[in-house]
Novice: 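Let me begin by handing over the structure; questions about it come next.
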Number of protein chains: 2
Amino acid sequence: MSRRSKLLETFRDLVLNEGERAATLDAVAATAGVSKGGLLYHFGSRAALVDALREHFEQLVTEDLERMRDEGHSPSSWYLRTTVDYSSELERTMAALVRIAPAQEGEVRDALRAARDRWHQAIVDEIGDEQMATVIILLGDGIAYNAELEGGVAGSDSRFAGDREVEHLEQIIAGLRTIRNA
Amino acid sequence: MSRRSKLLETFRDLVLNEGERAATLDAVAATAGVSKGGLLYHFGSRAALVDALREHFEQLVTEDLERMRDEGHSPSSWYLRTTVDYSSELERTMAALVRIAPAQEGEVRDALRAARDRWHQAIVDEIGDEQMATVIILLGDGIAYNAELEGGVAGSDSRFAGDREVEHLEQIIAGLRTIRNA
DNA sequence: GTCTATAGATAGATAGAC
DNA sequence: GTCTATCTATCTATAGAC
């Protein structure tokens, strides 16, 4: 991994683990084992770190949707199952952006909204039901929220954000679609 | 409203509107129209502001549950309908605590978890179905997440967090419970 | 209770050596 | 590309006048 990527990952993890306030240039540099000058060579300002994180997120979302399509996954199932994997790069990057969004100009929030709408559309295309698609998106957001509350443990079997929970959700959604299609 | 309450509210709104990073003692004092010394008389440190916000949240949750019970509301419906009202003191206080949670000791996260579990239990007591109760909690969390993404507009008719959306959710949940009870 | 003044630490960022 | 040194602004917090 390039040094630049390593620094961006360190920034992201500090935002997630210690909060936006603790993710200072000093902290990023020290955690990544580099001097502040070294960090500032790759990212000329703190805002540049945020920008790079957003750009990385947009790329990850595109890759996620491409992979979903190329491997022929069901969008609704794919969305719930990838959302629950809080250890993935996509989920961690998105969670970090959600944290810092209010302090940023509109671009970060725009990127988050755009990603949500792309997933929503993919699910609508699959199941042809706007409201059910919204339910699935909301459930995914709820899972992510609760995963964060538990400290973001990957593969957790928490009552609110575990693997088993997703299986229950899928059964419930399957039941729902049955009655709505009847 | 007491000056102390006014200052706490200002801190909370700064966290929500500008982010944790911008909610400094200087900013709180200036926004509330008081000097920094005046602020520090009421809250001896920044940590004291966070503590007071958490205590206020715990009290609001208790009042919310008492009101729900005393007025005889359906817990699942009450939860979804109060969650969508992003302008309420409870929702704003909770959202602010979610923002600052990672930077805090365990107490803030404990309070958030405890509140979630109290609402979950109330819904389980109503509908007698653990998994459906979890679905309702997750939908509520998803609504809150999306309300934040839209800037927390009260009474919004957003596709993801509006009043009409909650009516759809309630119809869907009602349908679900019908088939699960059959 | 509220203020001003100020201390001491830390923030983001620049300059220039290597 | 990475470092040290340093500047300036801002942050939390204290002291003490009113």
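Owing to the predicted nature of the structure, the values given are computational and were not obtained by experimental measurement.
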Novice: Distance only, no hydrogens: is a donor on one side chain within 3.5 Å (strictly under) of an acceptor on the other, for A:E167 and A:Q171?
Specialist: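 Side-chain D/A pair, A:E167 to A:Q171: absent.
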Novice: Check the phosphate of C:dT2 against B:R3, side-chain N and O only, distance under 4.0 Å to OP1 or OP2. Yes or no?
Specialist: yes
Novice: Which residues pass the salt bridge (charged side-chain N to carboxylate O under 4.0 Å, His left out) test with B:R116, not counting sequence neighbours?
Specialist: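 Testing B:R116 for salt bridge (charged side-chain N to carboxylate O under 4.0 Å, His left out), a comparison that skips the adjacent residues, returns A:E150.
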Novice: Tell me, do A:D64 and A:T82 make a side-chain contact under 4.5 Å, heavy atoms counted?
Specialist: yes
Novice: Between A:R113 (side chain) and B:L149 (backbone), is there a donor-acceptor pair under 3.5 Å?
Specialist: yes
Novice: Rounded to the nearest angstrom, tell me the gap between atom CG in B:L25 and atom P in D:dA13.
Specialist: 6 Å
Novice: Where along residues 33-54 of chain A does a heavy atom fall under 4.0 Å from DNA chain C?
Specialist: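 When residues 33-54 of chain A is checked for heavy atoms under 4.0 Å from DNA chain C, the hits, listed by number, are A:K36, A:L40, A:S45, A:R46.
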Novice: Quickly work out the A:D26 CG to C:dT14 P distance and round it to whole Å.
Specialist: 15 Å
Novice: Between the side chains of B:D117 and B:Q121, does any donor sit under 3.5 Å from an acceptor?
Specialist: no
Novice: Could you check how far CD of B:E18 sits from C1' of D:dT10, rounded to whole Å?
Specialist: 17 Å
Novice: Kindly indicate whether the side chain of A:Y86, heavy atoms from C-beta on, has any atom under 4.5 Å from the side chain of A:I143.
Specialist: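 Not touching, per the 4.5 Å side-chain cut-off.
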Novice: Within the 4.0 Å heavy-atom criterion, would you say B:R21 contacts the bases, only the backbone, or no part of the nucleic acid?
Specialist: sugar-phosphate
